[in-house]
2 protein chains.
Amino acid sequence: MELSNKQITVIFKALCDENRVQIFRILQHGELCACHLLEELHLSQPTLSHHMKVLCDSGLVVGRKEGKWMHYSISPEGAKVAMDCLKEITAVTENDCKCCNNQ
Amino acid sequence: MELSNKQITVIFKALCDENRVQIFRILQHGELCACHLLEELHLSQPTLSHHMKVLCDSGLVVGRKEGKWMHYSISPEGAKVAMDCLKEITAVTENDCKCCNNQ
DNA sequence: CACACACATAGAAAAATGTCAATATGTTTT
DNA sequence: AAAACATATTGACATTTTTCTATGTGTGTG
C-alpha cells in the first residue's frame, strides 16, 4: 500500500470532527441522501456539503449521484484501507529501548 | 466501550497531522525519549512536546518518565481501542437505501 | 421554457490548531 | 547549592478548519 504521511492524515481527518463522526453513525443504518442527512444534523446545507467532501476525500464514504440526489454510504473498501493503515502505523517492530543508555 | 463522538475525535486526531504520523513511524522501532525524537524531526522542542501531549491524550502513545527523560512508545492497548472504534464506526448494519423513494 | 429542488462552490468570519521564542519546572551532576 | 539538562508551559502569531450567507450548477417538473 505505502501511503504517505499526508495521505494518512487525509484518511483520519474523517474522524476528527464530531459532526462527521455523527454522520458515520447515521450512515450505519444504510445509504442516505444529503437532504435526509441534513435533517438529522444541526448544520447548514453548505456545511454538510463541506463535511461530505472531507469524508469522500478520506475514502471512508462514497457518494452516488442519482438524478438531483447525492446518496452517501460508508465504503467497506475505504474502511479496510483505513484499518490496514491504522494497524500498520501502530505496529511495533521492536520493543526494547535503545535510548538514553538503554534505561 | 461506548465512546462518545468527542472521544473518538480525540483518538483520531493523533493521525491528523503529518508530523505526528512521522512520530509513529519513528516509534515503531521501539521506545524513544523526547530528545531523540527531536533529533529526527524538524520541529522545536515545545512543538514536539505539544504533539506528544496530543498523542498521549489519544491513548495511542504512552509516556514513561525516567529521571529527567520522557520515554514514549506506541501503546498496543491504545491501538486496539482505536481499531475497535474504527471497526465499529464504519460497520454498516443495513445496506438498503430508505431514502428518496428507495431509489 | 420557467420554476423549484438538491447540492456544490465562493467568499468571509470565527474558532481551532500548529508553531516558535521565552520561561518555568523538575531532575541530575558537580 | 549552583549549574546543566530534559521536558513542559505560556503567550503570541500564522495557518487551517469550521461555519455561515450568498450564489452557481445541474436536474426534474408544471
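Order of the sequence lines sets the chain letters (A, B, ...), proteins ahead of strands, with each chain counted from 1.
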Minimum-distance nucleotide to His50(B) side chain [options: dA8(C), dG18(C), dA8(D)]: dG18(C)
Any His51(A) side-chain nitrogen or oxygen under 4.0 Å from OP1 or OP2 of dT19(D): yes
Side-chain N or O of Thr47(A) closer than 4.0 Å to phosphate OP1/OP2 of dC20(D): yes
Cluster check Val10(B), Val54(A): I/L/V/M/F/W/Y, side chain < 4.5 angstrom: no
Those residues of residues 16-26 of chain B lying under 4.0 Å from DNA chain D by at least one heavy atom: none
Upstream residue (5' side of DNA chain D) when Leu48(B) and His42(A) are each assigned their closest nucleotide: Leu48(B)
Spacing of His71(B) atom NE2 relative to dT7(D) atom P, expressed in whole Å: 8 Å
Check: Ser49(A) side chain, Pro46(A) main-chain N or O, donor-acceptor pair, under 3.5 Å: no
Atom-pair distance (OH on Tyr72(B); P on dA6(D)), nearest Å: 14 Å
Exam field: side chain Thr93(B) to backbone Gln28(A), donor-acceptor pair closer than 3.5 Å: yes
Distance below 4.0 Å between Lys53(A) side-chain N/O and dA8(C) OP1 or OP2: no
Among dC7(C), dT7(D), dT19(D), the nucleotide that comes nearest once only the side chain of Cys33(A) is considered: dC7(C)
Transitive ILVMFWY side-chain link Ile26(B) to Leu43(B), under 4.5 Å: yes
Any Ser44(A) side-chain nitrogen or oxygen under 4.0 Å from OP1 or OP2 of dC20(D): yes
Nearest-Å distance for atom pair CD/P, residues Glu39(B) and dA6(D): 10 Å
Candidate nucleotides dA6(C), dA8(C), dT9(D), ranked by approach to the side chain of Cys35(A) - the nearest: dA6(C)
Atom-pair distance (CE on Met52(A); P on dT19(D)), nearest Å: 14 Å
Whether Arg20(B) side chain and Lys13(B) backbone form a donor-acceptor pair below 3.5 Å: yes
Protein-nucleotides 23-28 of chain D N/O pairs under 3.5 Å:
none

